[in-house]
Structures are given as structure tokens and as C-alpha cells.
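Let me begin by presenting the structure, written as C-alpha cells, before commenting on it.
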There are 2 protein chains.
Amino acid sequence: MTRPAEHTRNLIIKAAVSLFAEKGFERTSVRDIVTKARVNQAAINYHFKGKDGLYSEVLKMAFERLTESAGVDAEELKSLSREQALQRFVHHQLRPLLFKDEMSRYIHMFAWESAHPSKVFRKFIATNTTSYLSAAVDIVRRFLPPNTHERAALCVAIGLMGQCSVFVRNRDLFAQDPFRMAIDERFVDELTDLITRVAIGGLPHVNGANLNTA
Amino acid sequence: MTRPAEHTRNLIIKAAVSLFAEKGFERTSVRDIVTKARVNQAAINYHFKGKDGLYSEVLKMAFERLTESAGVDAEELKSLSREQALQRFVHHQLRPLLFKDEMSRYIHMFAWESAHPSKVFRKFIATNTTSYLSAAVDIVRRFLPPNTHERAALCVAIGLMGQCSVFVRNRDLFAQDPFRMAIDERFVDELTDLITRVAIGGLPHVNGANLNTA
DNA sequence: ATTCAGTTCAAACAGCTGTTTGAATTGGGA
DNA sequence: TCCCAATTCAAACAGCTGTTTGAACTGAAT
């Protein structure tokens with residue numbers, strides 16, 4: 001494989017990440033991608049054997065980057081107090097509201113997936129048993145009563161992430177007319193504080209007997 | 001307007017509600033709808049002047065039914081204790097997990113919209129200043145410190161609904177392999193209890209000074 | 001210089017989308 | 001009975017989608 005090939009591959013992936021994050025997988029056409037990447041129409045099929053293949057690659061990359069990323073790094077989080085760990089996790093979930101770095105784009109992509117799981121994503125999640133949720137489960141566990149069932153902890157973690165992602169997904173809607181929220185760094189910080197406070201106050205009240213179904 | 005016209009209108013709306021709830025607006029084609037409704041291709045454009053017009057009609061209907069529905073009926077909720085009101089509201093949000101009645105389909109539709117706000121929905125929400133969220137805000141207010149800013153109460157309400165809708169949207173995903181949740185009435189009851197407990201414990205800890213930005 | 005796999009490219013493909021057309025049918029009012 | 005507007009219908013339309021084609025180009029190895 002020669003150099004220029006690698007080059008256009010990277011161009012495509014970069015453009016794809018950006019567009020998938022912005023509009024989601026289904027609303028992004030291959031023509032959008034090749035235009036943004038300044039690459040030929042057929043390049044995607046040549047290099048990734050199809051739009052699905054490209055998405056698969058992008059998801060894999062995003063997933064790897066995210067799980068090994070600082071915001072949900074298991075070791076670092078364990079060195080923090082549980083309150084700090086939770087705060088950092090929530091903030092990490094909300095940061096995409098600001099559209100900034102690469103990680104934010106990845107989280108944005110997963111937010112779209114959480115809304116409309118695609119065929120590709122379903123397969124992908126099925127082969128990744130080490131779930132993206134495990135970090136969240138570890139964090140909430142530190143607040144839950146010790147006898148809390150694993151299934152209940154999982155649901156709490158899902159709820160926490162849902163609480164964050166609803167803002168990320170609807171960013172534009174809430175910025176609009178009936179709500180007019182000014183979504184800047186201050187807003188994100190305060191929203192982080194809000195969600196964190198509610199969680200800290202609420203999680204210890206989970207009944208350990210909940211959701212102990214097989 | 002003669003009788004048969006009204007008849008096919010109803011056939012179309014019924015089929016559309018069902019399909020929009022199941023797959024969302026964008027993933028449902030007009031051919032899907034006319035096939036299910038056993039109606040001619042052009043009927044949608046004749047009666048609703050387009051797919052968007054039909055969706056607009058369906059959203060309007062769903063919205064009216066929902067806001068006046070028992071689950072979020074303002075008066076009834078006020079007659080309950082705040083814990084009971086919250087519990088009922090959460091359960092109402094989670095009920096679509098069971099796919100059952102008409103209301104569940106409507107809530108399902110709004111869950112899709114919350115994920116992927118369509119053009120039609122954006123216009124729709126913009127002209128409905130009496131927001132769907134007001135009921136939720138009223139409920140959470142009863143738990144929040146009295147000096148809590150309106151903006152903060154709104155965010156808490158959004159978070160609460162996000163916490164519920166993440167389960168509704170990802171129903172199929174969580175029923176699948178890595179999670180294998182058996183989503184039956186017992187599960188919904190216990191999840192309702194879980195989310196309600198966390199909220200009851202957490203909401204009083206909201207800092208009244210949060211999110212007081214204009 | 002020649003070869004040839006790797007890579008790019010413009011063009012076309014088949015399939016789906018929402019919408020429009022114009023003729024056929026319907027059914028109540030004159 | 002005739003009329004005529006309202007409604008239904010099969011067919012076609014234009015536009016988008018992801019993918020394929022086959023020729024042109026590239027650049028290192030022979």
C-alpha cells in the first residue's frame with residue numbers, strides 16, 4: 001500500500017467523523033463525505049468497501065479513543081473522591097455541547113447512535129462485551145447501597161447518561177426559541193453541577209432489592 | 001367533504017401513527033404508510049398535501065391527546081402527594097417500553113423526535129409555547145428548593161425525561177445480547193421505582209443559584 | 001523503458017424517496 | 001337522469017441514495 005492511499009483514507013475518516021458527529025450516520029450521504037474530504041466518489045467503496053464499512057471503522061476508532069480517554073479512565077477516576085469522579089464523568093458527557101475537540105465529536109456520534117441504533121452499531125456493540133457503560137457503572141456504584149444488584153446499577157448508569165445525552169442531542173432545540181438557552185462553558189459547568197448534585201443526593205436512596213430479575 | 005374522504009383520512013392517520021411510533025418519521029416512507037393503510041399512493045398528498053403535512057397533523061393530534069391525558073393531567077397530579085405525582089409521571093414516561101396503548105405510541109413518537117428533531121417538529125414546537133415540559137416542571141418544582149431558578153427547574157425536568165426516554169429509545173438494544181433485560185411490566189414498575197427514588201433523594205439538593213443565566 | 005499492481009476518476013447504475021399528473025370513478029344535488 | 005365536484009387510481013416524474021464500472025493515471029520494481 002503506497003503513501004497517497006493512506007492519505008485519502010485519513011481525509012475520508014476525518015470528514016466522516018465530523019459529519020457523522022454533526023448529523024448522524026443516516027443523514028450523512030457518501031456524497032457529503034467525499035465532497036468535504038475532496039476525494040472521488042468511489043473512494044469510500046474502494047477503501048472501506050462501502051458506507052457501512054467506513055462507519056464501522058469510524059465507530060471502532062471512536063470507541064477505542066473514548067474508552068482509553070482521560071474522562072473515563074478507570075485508574076484516574078479511582079484516585080479521585082467519588083464526588084469528583086462523578087462530576088468529572090458528567091462534565092465529560094456534557095462537554096460535546098460546546099462542540100470543540102475530537103472527543104466531543106466521538107461522544108456526539110455515540111449520542112446519535114443511542115438515539116437511532118444502526119445495523120452497523122448493533123453488530124458493533126454486540127461484539128464489544130466490555131461495554132462503554134462499565135466506567136459509568138463503576139462510578140455510580142460508589143454511591144449506591146452496597147447490596148445493590150448489578151442490574152440496578154446498570155440502569156442507574158444508563159439513566160445518568162441519558163440525563164446528559166438528552167441535552168447533547170437536543171442542543172439546537174434548546175438553543176432555539178421557546179427555551180433560548182445560551183449554551184456556553186458556564187452553562188455546561190452549571191448543568192454539570194446540577195446533574196451531579198441530584199445524583200449525589202439521589203443514588204444512595206436506591207433500594208438494593210430493585211431490579212434483581214435475572 | 002363526503003364520508004369516504006373522512007374514512008381514508010382516518011385510515012392514513014392510524015397507519016401513520018403506528019409507523020411513526022415504531023420507526024420514527026424519517027425511516028417511514030409514504031409507501032409504507034399507504035400500503036399499511038390500504039390506500040392509494042397519492043392519497044397522502046391529496047388529503048394532507050404531503051408527508052410533512054401528514055406528520056404535522058399527527059403531531060398536533062398526539063400532542064393534544066398527551067397533554068390532556070391522565071398521566072400528565074395537571075389537576076389530577078396536584079391532588080396527589082408529590083411523591084405519588086412524580087411516580088405516576090415517571091411511570092407514564094416509561095410505559096411505552098411495553099408497547100401497548102395509543103398513548104404509548106404517541107410518547108414513542110415524541111421520543112423519536114427528541115432524538116432527531118425534524119423540520120416539521122421544530123416548527124411545531126416553536127408554535128406551541130405552552131410546552132410539553134410544563135407538566136414535568138410543575139412536578140419537579142415540588143421537590144426543588146423554593147428559590148430555585150426557573151431555568152434550573154426546566155433543566156431538571158429535561159433531565160428527568162431524558163432519563164426515562166433513554167430506556168424507551170434503546171428498548172431493543174437493551175433487550176439484546178450484552179444486556180438481556182427482560183422488559184415486562186415488572187421491569188417497568190421497578191425501573192419506575194428506581195428513577196423515582198433517585199429523583200426524590202436528589203432534587204432537594206439542587207442549588208437554587210444554579211443556572212440563573214438569562 | 002517497461003511492467004503492473006495500486007489508486008484515482010467521471011460516468012453510469014439500480015433502487016428508493018416524496019410528489020405530480022391526468023384520466024377514471026364515485027355519489028349526492030339539480 | 002344528468003351533472004359536476006370530490007375522490008381514487010395507476011403511472012410517471014425528478015431527485016436523491018449507495019454502489020459499480022471500466023478506463024486513466026501513478027510510481028516503484030524489474
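Each chain gets a letter, A, B and so on, in the order the sequences are listed, and its residues count up from 1.
The aromatic rings of F167(B) and F174(B) lie tilted to each other, with the angle between the two planes from 30° to 60°.
Between E150(B) and R141(B) there is a salt bridge, since at least one side-chain N of the basic residue sits less than 4.0 Å from a carboxylate O of the acidic one.
One atom, CZ of F48(B), and another, P of dT7(D), lie 12 Å apart when rounded to the nearest Å. If you take OH of Y46(B) and C1' of dT26(C), they are 12 Å apart, rounded to a whole angstrom. The CZ atom of R9(B) sits 10 Å away from the P atom of dT7(D) (whole-angstrom rounding). Rounded to whole Å, the distance from CZ on F25(B) to C1' on dT17(C) is 12 Å. Atom-to-atom, CG of L19(B) to P of dT17(C) comes out at 12 Å; the value is rounded to the nearest Å. Atom CD1 of I44(B) and atom P of dT20(C) are 13 Å apart (whole Å). Following rounding to the nearest Å, L11(B) (CG) and dC9(D) (P) show an atom-to-atom distance of 11 Å. Straight-line distance from the CD atom of E26(A) to the P atom of dC16(D): 19 Å, rounded to whole Å.
Applying the 6.0 Å contact sphere to NZ of K23(A) captures more than 12 heavy atoms from other residues, nucleotides or ligands.
Of the side-chain N and O atoms in T8(B), one or more sit less than 4.0 angstrom from OP1 or OP2 of dT8(D). In this model, the phosphate group of dG6(C) is not approached by any side-chain N or O of H47(A) to a distance below 4.0 Å at OP1 or OP2.
A cation-pi arrangement is absent between K60(B) and Y55(B) under the rule of less than 6.0 angstrom and at most 45 degrees off the ring axis.
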Under 3.5 Å between N/O atoms: give me all the protein pairs with nucleotides 9-12 of chain C, atom names plus distance.
from, atom 1, to, atom 2, distance (Å)
dA10(C), N7, N40(A), ND2, 3.4

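Among residues two or more places apart in sequence or in another chain, the side-chain hydrogen bond (donor to acceptor under 3.5 Å, both in side chains) test is passed with T35(B) by none.
Put simply, the side chain of D138(B) never gets that close to the backbone of A135(B): no donor and acceptor are under 3.5 Å apart.
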